Amino acid sequence: MNAAKRYFTSIFKAIVALLKGMKLTGSYLVRPSKILTQQYPENRDTLYIPQRFKGRVVMPHDENNEHNCTACTLCQLACPNGSIQIISKNIDMPDGTKKKVLDRWVYNLGSCTLCQLCIDACPSDAIVMDNGFEFSVYDKSKLIYELNRPGSRLKEKKTEKQA
Amino acid sequence: MEQHIESHIIQSSDDEFIINVGPQHPSTHGVLHLQLKLDGEKIVDLRPFLGYIHRGIEKMSESLTYKQFIYLTSRMDYLSAHINNQACCLVIEKGLQTEVPERAKVIRTLMAELTRLASHQLWWGSTGLDMGAVSPFFYAFREREMILEIFEETCGSRLTMNYCVPGGVMNDIHPDFVRKVKQLIKQFRENIHEYDELLTGNPIFQSRTQGIGYLSKEDAIALSCSGPVARASGISCDVRKKNPYDAYDRVSFDEIIATEGDCFARYRVRLEEMKQSMNIIEQLIDNIPTGEYRTKIKGIIKLPVGEYYQRVETARGELGVYLVSDGSNKPYRIKFRTPNFSNLGALKPMSLGGKIGDLVAIMASLDLIIPDIDR
């Protein structure tokens with residue numbers, strides 16, 4: 001008799017507890033303003049992405065198609081997984097000397113872990129992190145980017161110009 | 001060789017039954033492979049098989065420089081990614097004997113506690129999920145999402161932040177950081193009663209966890225368990241109290257200790273730890289010191305020849321980083337003493353003699369992260 005009583009009491013208690021939980025879940029059903037779910041592809045225009053969000057590495061160019069990269073390869077050395085390859089070339093200067101300039105800044109997004117060490121290592125702030133995140137492609141060779149635009153060149157420092 | 005392998009595989013007799021749980025099983029949270037010997041529903045023997053997600057992080061670290069290898073440790077216990085990075089930064093700073101700015105210390109501690117909160121919330125949700133309660137998962141993710149947004153704003157990523165660097169932190173905190181953290185604490189304090197309503201007070205949940213998976217104090221010490229698993233068996237082992245690092249020496253908080261040693265005790269310890277984490281955050285958030293957030297370490301880091309060890313308290317227990325330097329720019333040897341590996345050892349004494357259905361509850365209460373076991 002006692003065992004049967006305990007058995008039914010436990011069932012009753014469990015049902016009460018379940019109803020308590022259901023009450024809490026139900027209370028959110030009538031308070032839709034408290035629901036946080038975002039309908040992602042539809043709300044793409046209103047999506048808030050923080051300014052520091054690490055999407056991928058980009059190289060900012062100014063209106064004269066000039067960048068800050070001096071091809072010092074510090075970012076390439078800082079990269080822990082070899083996602084960066086800097087190919088430089090020597091050009092002849094007007095005064096007869098040769099100067100090493102950036103030819104191609106090859107970036108493999110496929111193996112990049114977005115650790116920010118390259119940006120941390122860059123002494124001339126030539127690279128920054130982009131906020132983009134929709135980078136899926138069907139072929140992994142398309143994940144290899146060349147960050148410097150065609151025909152771009154190193155920004156001359158103002159002090160040098162005046163001198 | 002053949003004999004050696006044979007001895008690791010459980011042999012069965014006629015009335016016993018061998019079952020493999022994992023490596024792909026929804027309740028193992030990763031690629032953990034367990035071989036069970038069953039007598040009816042009773043677990044007679046249990047053997048975990050590891051190595052399915054071994055990436056050789058310790059060996060890889062030997063070919064990376066001191067600044068580079070830190071990001072790898074985010075991939076061990078990915079839910080305590082920041083705390084892992086912090087441990088590596090602390091061990092490098094110990095070798096260099098660099099003083100970290102006060103501001104960086106406080107920011108690191110705040111981030112570590114937020115990481116612990118986020119980790120425990122995910123654990124709470126997945127514990128419910130393992131035992132058949134689906135809704136707790138969504139409630140846990142609500143607050144966790146707020147923490148991840150704070151991470152995203154300040155560090156740039158949500159999970160593997162790589163925010164700690166030797167000498168401080170990567171960026172200064174975001175201008176909105178203090179406001180958002182206060183808002184998070186306020187909301188979490190308002191909502192924490194829902195955690196009790198949904199799971200803690202539920203008799204079904206209680207009967208599935210109370211008295212299940214008992215781990216005695218002696219066993220916990222013998223198996224070198226740490227973190228909430230050991231504290232639920234009555235061992236005082238919080239590294240934040242015993243060996244304070246960064247800003248833990250200036251905050252006051254309680255070390256939660258339970259003596260029951262069962263699944264429900266471990267559950268309660270973690271819930272209380274969340275409240276203590278909030279206490280720590282509240283003490284620090286209003287007085288973040290001004291000043292530099294980073295001491296710039298110029299050029300290539302080279303540690304003096306020697307051995308260095310630093311331990312920290314992650315969300316799952318004690319993480320130790322043992323580093324041997326030969327004076328070059330790369331570590332000669334790194335060994336991580338990860339909390340999950342030791343805690344996994346407690347799975348056998350906990351579940352022997354129990355039912356196979358309880359195994360899921362026991363594993364949920366251990367809060368295993370498999371990449372941390374294998375590294």
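By convention in this document, chain letters (A, B, ...) are assigned in the order of the sequence lines, proteins followed by strands, and residues within each chain are numbered from 1. Please read all numbers here as calculations on a predicted model, not as lab measurements.
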Verify, without hydrogens or angle tests, whether E153(B) (side chain) and R52(A) (backbone) share a donor-acceptor contact under 3.5 angstrom. no
Heavy-atom proximity to chain A below 4.5 Å, by part of T154(B): both
Quick one: of A121(A), C79(A), G55(A), who has the most non-hydrogen atom pairs under 4.5 Å with chain B? C79(A)
Roughly how far apart are E152(B) CD and Q51(A) CD, rounded to 0.5 Å? 12.5 Å
Using a cut-off of under 4.5 Å for heavy-atom pairs, which of L74(A), I49(A), T113(A) has the most such pairs with chain B? T113(A)
Between the CG atom in L24(A) and the CG atom in D196(B), the distance rounded to the nearest 0.5 Å is 11.0 Å
Report, as yes or no, whether the 6.0 Å neighbourhood of atom NZ on K180(B) holds more than 12 heavy atoms from other residues, nucleotides or ligands. yes
Based on non-hydrogen pairs under 4.5 Å, which of N171(B), D176(B), V165(B), T160(B) is most in contact with chain A? N171(B)
Quick one, Y139(B) and Y28(A) - any side-chain contact, counting heavy atoms below 4.5 Å? yes
Which atoms form the tightest heavy-atom contact between C115(A) and N162(B), and what is the distance? O-ND2, 2.8 Å
Within 6.0 angstrom of F135(A) CZ, more than 12 heavy atoms from elsewhere: yes
Around E292(B), counting heavy atoms of other residues, nucleotides and ligands shown, do more than 12 lie under 6.0 Å from its CD? no
For I144(A), is the CD1 atom crowded, meaning more than 12 foreign heavy atoms sit under 6.0 Å from it? yes
For atom NZ of K275(B), decide whether the heavy atoms of other residues, nucleotides or ligands shown that lie under 6.0 angstrom number more than 12. yes
Do the side chain of K20(A) and the main chain of N202(B) share a donor and acceptor less than 3.5 angstrom apart? no
Checking heavy atoms, do the side chain of R75(B), its backbone, both or neither come under 4.5 Å from chain A? side chain
Would you confirm whether Q68(B), through its side chain, and L77(A), through its main-chain N or O, come within 3.5 Å as a donor-acceptor pair? yes
Rounded distance [0.5 Å steps], CD in Q116(A) versus OH in Y163(B): 10.0 Å
With a sphere of 6.0 Å drawn around OH of Y332(B), does it hold more than 12 non-hydrogen atoms of other residues, nucleotides or ligands? no
Non-hydrogen side-chain atoms of D120(A) and M170(B) separated by less than 4.5 Å: yes
Need one label for S157(B): side chain, backbone, both or neither, based on atoms under 4.5 Å from any heavy atom in chain A. both
Heavy atoms of other groups near Y40(A) OH, more than 12 under 6.0 Å: yes
